[in-house]
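Here's the structure, in structure tokens; my notes come after.
Residue numbers begin at 1 in each chain, while the letters A, B, ... track the order of the sequences.
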Number of protein chains: 2
Amino acid sequence: MTNNTPHIIKNDPWYGSYASRAEDMRASEIRALFAVASRPEVVSLAGGMPYLDFLPFDELSELVAKMLREEGSHAWQYGSAQGNAHLRERILDIVRLEHITDAQADDVVITNGSQNGLDLITRLMCDPGDVIIAEDPNYVGALGVFKSFQAEVINAHMDADGLIPESFEESIKYAIAQGKRVKFLYTVPTFHNPAGVTMSIERRTRILEIARKYHVLVVEDNPYGLLSFDNKTYPALRSMDPDNVVYLSSFSKIIAPGMRVAWMIAPPGIRQKLVLANESSILSPSNMSQMTISTYLDNFDWKKQIEEYRGMYKSRCETMDQALRTYMPYCSWNKPQGGFYIWLKIPEGLDAKAMLPRAITARVAYVSGTAFYDTGEGADHMRLSFCYPTEERIVEGIRRLSTVVDEELATAQLFGTTSTSTIPVIKPEN
Amino acid sequence: MTNNTPHIIKNDPWYGSYASRAEDMRASEIRALFAVASRPEVVSLAGGMPYLDFLPFDELSELVAKMLREEGSHAWQYGSAQGNAHLRERILDIVRLEHITDAQADDVVITNGSQNGLDLITRLMCDPGDVIIAEDPNYVGALGVFKSFQAEVINAHMDADGLIPESFEESIKYAIAQGKRVKFLYTVPTFHNPAGVTMSIERRTRILEIARKYHVLVVEDNPYGLLSFDNKTYPALRSMDPDNVVYLSSFSKIIAPGMRVAWMIAPPGIRQKLVLANESSILSPSNMSQMTISTYLDNFDWKKQIEEYRGMYKSRCETMDQALRTYMPYCSWNKPQGGFYIWLKIPEGLDAKAMLPRAITARVAYVSGTAFYDTGEGADHMRLSFCYPTEERIVEGIRRLSTVVDEELATAQLFGTTSTSTIPVIKPEN
């Protein structure tokens with residue numbers, strides 16, 4: 001019996017007893033960094049935390065108290081595995097902004113954040129060894145889920161117009177040639193994390209055609225779709241092909257993440273299984289969380305609130321773009337049209353992962369591009385978030401980052417290589 | 001490519017594309033029943049919903065509003081995958097009541113309800129075909145999780161003193177003889193769901209010895225442990241063997257389930273992986289939910305509240321026991337010393353599953369014993385919950401149930417068999 005092994009390794013007596021999916025479970029690069037990067041003296045361009053100070057905290061708190069007083073016996077109690085019917089109705093108003101006009105409340109499943117939704121759809125579709133086609137680079141949290149269900153990720157490439165249809169089709173063909181089952185395409189078509197790019201309308205049509213041709217499901221992850229900088233809202237893939245797309249979105253970026261309320265819209269057969277998978281995974285989403293979100297949607301002008309967010313994030317993005325032009329003109333990047341991130345290409349010879357401890361020593365944090373690949377690639381990029389820090393801090397962060405990069409460049413030019421990674425030592429701000 | 005199958009079955013174009021774990025996903029018996037049993041004219045002895053009207057709704061609502069006003073930027077934001085440090089500290093006070101005195105806040109992982117905890121530990125430990133030893137009968141929600149990770153459940157028997165050590169050891173030996181890896185024992189040692197029994201102290205020691213002997217982890221699910229009827233608190237298995245037990249408990253039954261806040265206490269190696277699995281599954285538990293629970297614990301006399309609950313559930317249990325003696329003396333059951341359930345053995349020849357639609361027609365609901373087995377067994381039992389209905393309703397529910405059972409008995413005596421299942425038709429209450 002393998003779990004009777006006498007070899008005690010790493011002091012864990014259960015080593016050797018875990019499922020094979022847990023064998024190489026390890027903290028993501030983002031997570032390992034989180035503790036040190038969240039110290040106040042560090043300008044963090046690393047996280048994806050939304051800026052919340054625009055929310056009407058005080059009024060909302062009062063309304064939540066009123067809701068709890070009046071509907072406590074519902075809010076404090078177990079809910080349904082599919083989520084509250086009232087909230088599912090309200091979600092239809094939101095997705096209509098992305099041209100999803102035919103969905104019914106019964107097509108919607110509430111999840112405990114979109115991470116939980118990704119977990120559910122992967123669990124539902126993927127046996128070990130099944131293939132998921134994913135964009136390159138790819139959202140780090142999705143990679144973790146795919147790995148935990150032992151799915152194989154095959155990358156498809158992007159450019160400034162998002163996922164390249166030919167690359168998508170090549171990846172499907174490659175997988176089929178290897179005798180693999182392709183279970184779905186995972187895509188963040190709008191304001192991509194981390195790449196910042198958006199799939200053009202023409203490409204949306206083409207990607208869906210290819211997916212249908214090979215009977216490959218499309219999983220559309222869309223947390224940023226409403227956060228455009230030019231008031232333009234793209235049609236969701238779901239709006240263009242209801243039968244072949246599972247759509248995920250969340251209140252985390254457009255309202256607040258602390259309630260962990262997100263949703264999926266899926267074709268009936270898949271939706272039915274998603275509800276059962278949700279029940280097996282968490283029994284039911286939190287009634288209190290869902291009713292807090294409903295309280296907000298029912299009592300505030302949430303569309304206007306989203307417009308305010310758009311303006312703020314746009315301004316922060318422009319500030320970061322300008323600071324990069326000023327301090328790091330030798331780097332390249334696409335200026336995003338929405339979302340939270342700039343995907344910065346750093347000069348050749350530099351290594352974003354190796355450089356990170358030195359950046360933190362200089363009191364600025366980012367996410368190394370390597371976090372968004374399973375392959376070790378990505379050291380030539382960093383993801384810079386402009387969502388959370390104020391504009392002043394963004395400028396200061398980019399300035400600090402430029403001093404690190406400048407120094408690295410000088411070292412590289414002198415020695416033909418950069419110095420090796422060191423443990424960060426953070427000095428007080430002044 | 002199998003997922004290119006042209007066979008469209010059950011109108012689901014994705015049939016044939018699902019992971020094998022999803023193939024026989026279906027609604028639990030409890031769930032399928034829920035819609036009709038929750039109609040107000042039906043006395044539901046089916047659900048496990050706690051009775052919440054004793055909670056200080058109004059004061060708590062005000063304090064939650066205050067917390068949201070003062071700490072909104074934390075409550076509305078993302079949290080840590082392990083859960084809030086403050087709440088983890090407070091949990092140590094609670095588990096001390098069950099003799100867990102050595103645990104540290106770092107040993108605790110907050111989960112989105114204990115269902116999520118069961119999901120995480122199963123995901124962490126079980127490859128398809130691995131064995132979980134579970135009590136017979138077994139909590140229905142756990143069976144669903146085990147199935148979703150394709151673990152094989154081997155039953156071990158219980159009697160009035162809980163899990164029988166010899167049966168546990170036999171099950172391990174049987175699995176080993178078949179070349180299987182036994183990953184853990186899943187047990188609800190105290191106030192078992194559905195069986196209502198409690199593992200004696202002597203047996204706790206013996207079960208842990210056997211588990212150690214075979215290096216089998218013990219997963220102790222303990223949502224009811226504090227809800228004893230005689231003010232006696234059993235020592236948790238975790239308190240007797242910290243290195244070999246993963247302990248799960250929840251605020252759902254002792255405070256309220258609407259926040260979906262539960263916790264696990266695990267040995268360091270397992271705990272570390274649980275945090276990563278939690279992150280992969282839900283990113284982080286809800287800050288707002290956790291801070292609501294902390295607000296309650298920090299501001300109210302929660303121990304006194306639990307004592308009130310004990311008194312109320314004890315009284316309801318006694319009422320149900322008395323009603324059963326009055327109306328159904330030909331059945332047999334163990335009177336539980338705590339928890340929510342009576343596990344009723346019905347007269348031979350009757351079938352609890354077949355009888356259920358007729359019971360609902362008579363405006364009373366229960367859960368058929370078959371829900372707590374994977375094998376089709378259990379039709380000779382029903383689970384009766386005394387947690388939610390008032391005492392008056394409990395008596396009325398048992399009276400209604402007795403009329404159905406009496407009629408079934410008469411039919412069985414006349415024809416040697418009971419009538420077949422029919423669709424329930426519910427008449428108005430009066």
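Contact between A/Y78 and B/P50 at its shortest, heavy atoms only, is CE1-CD, 3.7 Å.
Both the backbone and the side chain of A/S281 come within contact range of chain B, judged by heavy atoms closer than 4.5 Å. The contact between A/P285 and chain B is made entirely by backbone atoms, counting heavy-atom distances below 4.5 Å. Only the side chain of A/L52 comes within contact range of chain B, with heavy atoms under 4.5 Å apart. Using a 4.5 Å cut-off between heavy atoms, B/D119 contacts chain A through its side chain alone, with no backbone atom that close. In this structure, the portion of A/V64 lying under 4.5 Å from any heavy atom of chain B is its side chain and not its backbone. Both the backbone and the side chain of A/D58 come within contact range of chain B, with heavy atoms under 4.5 Å apart. Heavy atoms closer than 4.5 Å to chain B are found nowhere in A/F251, neither backbone nor side chain. Proximity to chain B is absent for every atom of A/L120, based on heavy atoms less than 4.5 angstrom apart. Only the backbone of A/T122 has a heavy atom closer than 4.5 Å to any heavy atom of chain B. In this structure, chain A has no heavy atom under 4.5 Å from any part of B/Y51.
Taking A/T111, A/L124, A/V145 one by one and counting their heavy-atom pairs under 4.5 Å with chain B, the maximum is reached by A/L124. The greatest number of non-hydrogen atom pairs below 4.5 Å with chain B, out of A/M291, A/M259, A/Q77, A/M125, is found for A/Q77. Each of B/A262, B/A142, B/S286, B/P128 has some count of heavy-atom pairs under 4.5 Å with chain A, and the biggest count is that of B/S286. In terms of heavy-atom pairs under 4.5 angstrom with chain A, the leader among B/N244, B/I255, B/I270 is B/I270. Put simply, of B/D53, B/T292, B/D130, the one with the most heavy-atom pairs under 4.5 Å next to chain A is B/T292. Contacts with chain A were tallied for B/L55, B/D243, B/N287, B/L68; B/L68 has the most, counting heavy-atom pairs under 4.5 Å. When A/G269, A/A256, A/S280, A/A65 are compared by the number of non-hydrogen pairs under 4.5 Å with chain B, A/S280 comes out ahead. Looking only at heavy-atom pairs under 4.5 Å with chain B, the residue among A/G48, A/C126, A/G72 that has the most is A/C126. By number of non-hydrogen pairs under 4.5 angstrom with chain A, the leading residue of B/A22, B/P257, B/S289 is B/P257.
Within the 4.5 Å cutoff, side-chain heavy atoms of B/N278 are placed close to those of B/N116. Residues A/M49 and A/S385 form no side-chain contact, since every pair of their non-hydrogen atoms from C-beta on lies 4.5 Å or further apart. A/I282 places none of its side-chain heavy atoms less than 4.5 Å from the side chain of B/R260. Between A/H215 and B/W14 the shortest side-chain heavy-atom distance falls below 4.5 Å.
With sequence neighbours left out, A/F149 forms a ring pair (Phe, Tyr, Trp, His ring centres under 6.0 Å) with no residue at all. Every residue two or more places apart in sequence or in another chain was checked for a ring pair (Phe, Tyr, Trp, His ring centres under 6.0 Å) with B/Y174, and none qualifies.
In the displayed structure, A/F57 atom CZ is contacted under 6.0 Å by more than 12 heavy atoms of other residues, nucleotides or ligands. Counting heavy atoms of neighbouring residues, nucleotides and ligands inside a 6.0 Å radius, atom CD of A/E152 exceeds 12 of them.
Atom CZ in A/R271 sits 10.5 Å away from atom CG in B/D12 (nearest 0.5 Å). Note: B/Y296 OH to B/E59 CD = 10.5 Å, rounded to the nearest 0.5 Å.
Geometrically, A/K253 does not engage A/F340 in a cation-pi contact defined by less than 6.0 Å to the ring centre and at most 45° from the axis.
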